[in-house]
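Accompanying notes for the structure given below.
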Amino acid sequence: MDEKYFAKKIEAKWQKIWSDSGAFAAKIVDDKPKFYQLEMLPYPSGNLHMGHVRNYSVGDAIAWYKRLKGFNVLHPIGWDSFGQPAEDAAVKRGVNPRDWTEENIKAMRGQLERLGLSYDWGRQMFAHRPDYYKFDQWFFLKMYDMGLAYKKLTQVNWCETDQATLSNEQASGGLCWRCGNPVTKKDLEQWFLKTTAYADELIDGLDELESGWPQHVIKRQRDWIGRSEGAYVDFAVGGSEQEKIKVFTTRIDTIYGVNSIVLAAEHPIVDQYIGTFSETVRTKIEELRQEKLKPTDREVEIDKDGIDTGLKALNPFSGEEVPVWVGNYVMMEYGTGAVMSVPGHDERDFEFASKFGLPIRRVIVDPDTPVDPDAPVDAAHYEKGVLVQSGDWTGLSSEQAISDMTAHAQARGFGEAAKTYRLRDWGISRQRFWGSPIPIIYCDECGTVPEKFENLPVELPENAPITGTGESPLAKVPEFYEAECPRCGGAARRETDTMDTFVDSSWYFFRYTDHDNEILPFAPEVAEYWTPVDQYIGGDDHAVMHLIYTRFWSKVMRDIGLVKFDEPVKRLLTQGMVVGETFFDDSTGKRVYHPPDRVAVSRDEKGKMTGARASDGTELKYAIERMSKSKGNGVDPDEMVEIYGADASRMFVLFAAPVDHELVWHEAGIEGAVRFLQRLWRFVGKWEPSMAAELAVLTTDAHLSEAAKTLRQKTHQTIKRVDQSLDTLQFNTPVAALMELLNSLYDAKLEPDTATAEEMAAVKESITSTLLMLAPFAPHTAEELYATVIGNENGMIANGARFPVFSEELARADVIEIAVQVNGKLRSRIFASPDAPNGTLESQALADEKVQEHIAGKDVVKVIVVPKRLVNVVVRG
RNA sequence: GCCGAGGUGGCGAAAUUGGCAGACGCACUAGACUUAGGAUCUAGCGUCGAAAGACGUGCGAGUUCGAGUCUCGCCCUCGGCACCA
């Protein structure tokens, strides 16, 4: 072996060996349990960033660990290769999106390969290739048949910057998920997938995921679906029996407090009666409608606004007539677009009523603090309580009233129990070229007709005029849109919108199991072996986008009969962001990343940074920001691999912070990982010549020197720690444990030329264990050294090596240190056997010199002994 | 405003789940080796103190023989949501 650790050389060597031998190609086998390890697939932008490196290093560590633990591991990778950046590139540089994408994939695959990730490259999927998107279309047609895909005219979320439609999930928070700019609304006809059909299942299924998914993701999904239980109540309007306004309320118990009905400006009743409204009212309504189209500014609280239409509605409970208003705070998209306004018990209604001087009545009181029901209402009291001024229901508790009044409304036919959801159907139409065409044809004779399954895929044309102005480029390509009606054979027009790229990622990981199937997206029996995904890893920015869509898709696949389970991902891990240190010039805002040659950092004697200057002497400020090219604080993974090696880069990323924490990239930190690998390399190099020969296998009761015995104990303690950590998805602590073990190997102070045969065997056992445990973090180095130590060139994978087995007996120390406290304060330490009886420990502690000093002249009240840990002497006086 | 997560050395963090706070690493300090060091090795490194020792996990209380960990109250930071009836 080389004297020096030369990362590039061994990395290239092992990458070739793995690739040539098909080491990571997955096959269905009977004699091992399967493990499906998956990471969120990359968008082929052309450049890998450190976030990818983190994501994939974690995934690879698990894949390696599971392989060494005897699992049959499937660890695939593919490309989320449809999407807007390809079109942006086409607009900006006139390149063909397809060529641009293919080239990027090639470049990024190279980057991934240089990291030595253990993927089964043979199973790659490419979203932009017809053999894949054919099945997006296949699924679409299935959903169309099932009534789960439909078209309607609605206000869609529209991003002016990107000139693109967004789903609700992609416009969450009123900001575009891609560019972060505020979202506006636009009227557009578009195709929807009925995610709401599975709303209850999507929410209830979260219970099953509690044990394997991060809590915050579950919480966000639950909030996003936003189920709320209450009742619909009909208010007759315009003095007619037939015309009704249906409201949704969760507080039917407050219905005697209704002072008005408030409608969203877009409510159909408004249009129906618009002719009867005064000019002033019509103008105001138009104004309110326009306001809603504007982008939402989150910082500014919107003032309540509205107008009395002059219409009257009848409260079916009280028989009271109340005015019908239009209000800007009522959303057409939620509930029924109409609310019963109860200012006494709802904050928003209170604000509205206060502003317009509408009457406010109290109908709920707190039974414990009696108030005069007629006293003026100072604020909205939304707490539940006991009903007052509520006809026959007066005196009931809110809970009782809710159930009784709902039943009453139902019996009389003017209401019913209802559930509403915040979740809305998924709008998938995109006026884009670079996506999967929606397989629908419009025929003048037959109307909307689905394409025939046998005509799939509906292929994208070679070229289209891409302008980035918001219309679908496909609408300008006659060869594409001119079609034959699948029903009557007449001339017809093809749908020119393409699907949201989130469609591709909703089912891609099933395709890996059977990636070249031409008939079906995948064969159910093949998927049955590999799926569901055992461990999924990605950023939590997808908590409500991709991760809701893919759950929805699985439920549809189950109903089609492709899979048998409800939830596609058993365990989910969300890794934290990788952020960069930036130095910037406060006056110009110009940012500089921190390679030491460009920024001079001054520190005090403790190492704390006191200031920073650019090379020209300007004083710089320090900040931590999301890594990005525009901020100039990005780190190029290729450069890291070039300088430090893939193993050190990967190891550092795992070691530097817990996976779910944000990771601040410090160039210096990576050197620690390099030093560790070099130290290990030197140690193995020193011992390797004497270990090439077969050494005796150590038995459990081998008679060992003190040094060798201690080493063996440490080795086994480390095996336990590393095994447990990896099993519970911790990666920083096992790396630390391996560093400790290497420190112990050095501390043992054994030398090859003086060591006994037993000591040599103990060192060898320790080293082999270290290398096997290192493989998940630094596989190339581990393989290379392992091959050297065991004298077999093929390495771990080829030899079917297994994770070292922990032995409780060997991990146990003969003598352990036990803390001795007096009144809870640490006073001394004693040494004892780990299984010394409590009585022995007690008397040993009491006899201790320092303890004696502290208890002299006092009464020993009691002595608490915690086996293997401490003795606490409690004294008084 | 509502919901969630979290405050531990100069920094990233550990802490066997109520039992020796600060493992491991970075940075820093001193020394050795060296033609050289941004290599390697040795030692030091929570605060105060010469030492003995005292204090120390955001702040204040409580439970306990014992609290970073449990309970209550407050402060701060970071995320998510935004009139969801």
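Letters A, B, ... mirror the listed sequences (proteins, then strands); counts begin at 1.
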Partner residues of A:Phe356 under the ring pair (Phe, Tyr, Trp, His ring centres under 6.0 Å) criterion, sequence neighbours left out: A:Trp325, A:Phe352
Set of residues satisfying ring pair (Phe, Tyr, Trp, His ring centres under 6.0 Å) with respect to A:Tyr421, sequence neighbours excluded: none
For atom CD1 of A:Ile364 and atom P of B:A85, their distance in whole Å: 16 Å
Option among A:Tyr5, A:Tyr746, A:Phe676 that satisfies the ring-ring contact (aromatic ring centres under 6.0 Å, His included) test with A:Phe683: A:Tyr746
A:Asn328 and A:Lys304: side chain donor to acceptor below 3.5 Å: no
Separation of the C1' atoms in B:C81 and B:C11, to the nearest angstrom: 33 Å
Within residues 653-664 of chain A or reaching into it, pairs that qualify as salt bridge (Lys or Arg N to Asp or Glu O under 4.0 Å) - sequence neighbours excluded: none
Rounded interatomic separation in angstrom, taking CE from A:Met577 and C1' from B:G79: 9 Å
Short side-chain N/O contact from A:Ser172 to OP1 or OP2 of B:C81, under 4.0 Å: yes
Dot-bracket notation for RNA chain B, counting Watson-Crick and G-U pairs under 3.5 Å, with | for partners on another strand: (((((((..(((......[....))).(((((.......))))).(((....)))..(((((..]....))))))))))))....
What are the atom names and distances for every N/O pair under 3.5 Å that joins the protein to nucleotides 48-52 of chain B?
none

Letter per nucleotide, 5' to 3', of nucleotides 16-26 of chain B [B base touched, S only sugar-phosphate touched, - untouched; heavy atoms, 4.0 Å]: B--BB--BBSS
Stepwise side-chain contact (heavy atoms from CB on, under 4.5 Å) check, A:Asp723 with A:Phe806: CA-CA 9 Å; A:Asp723 198 7; A:Phe806 165 70; 5.8 Å; no
Residue pairs passing the salt bridge (Lys or Arg N to Asp or Glu O under 4.0 Å) test where at least one lies in residues 670-681 of chain A, sequence neighbours excluded: none
N-glycosidic conformation, B:U17 - syn within 90 degrees of 0, else anti: syn
Value in whole Å for how far the P atom of B:A27 lies from CD1 of A:Ile670: 12 Å
Test ring pair (Phe, Tyr, Trp, His ring centres under 6.0 Å) applied to A:Phe317 - qualifying residues, sequence neighbours left out: A:Trp393, A:His408, A:Phe414
A:Arg682 side-chain N/O to B:A39 phosphate OP1/OP2 under 4.0 Å: no
Would you tabulate the nitrogen or oxygen pairs shorter than 3.5 Å linking the protein to nucleotides 1-7 of chain B?
| residue | atom | partner | partner atom | Å |
| --- | --- | --- | --- | --- |
| B:C3 | O2' | A:Lys219 | NZ | 2.6 |

Listed partners of A:Trp224 passing ring pair (Phe, Tyr, Trp, His ring centres under 6.0 Å), at least two apart: none
Worked check of salt bridge (charged side-chain N to carboxylate O under 4.0 Å, His left out) between A:Arg827 and A:Asp848: CA-CA 10 Å; A:Arg827 295 302 180 193; A:Asp848 184 86; over 6 Å; no
Flag for A:Asp349-A:Tyr329: side-chain donor and acceptor within less than 3.5 Å: yes
Distance in angstrom units between A:Leu175 CG and B:C81 P, rounded: 8 Å
Salt bridge (Lys or Arg N to Asp or Glu O under 4.0 Å) involving A:Glu416 - partner list, sequence neighbours excluded: none
Syn or anti for B:G4 (syn when the glycosidic angle lies within 90° of 0): anti
Whole-angstrom distance between B:C55 and B:A61, as gauged at atom P: 15 Å
Pairs involving residues 326-336 of chain A, ordered by first then second residue, that meet salt bridge (Lys or Arg N to Asp or Glu O under 4.0 Å) (sequence neighbours left out): none
Nearest-neighbour nucleotide for the A:Ala657 side chain, B:A85, B:A13, B:C55 considered: B:A13
Whole-Å distance separating the CD atom of A:Gln730 from the C1' atom of B:A14: 10 Å
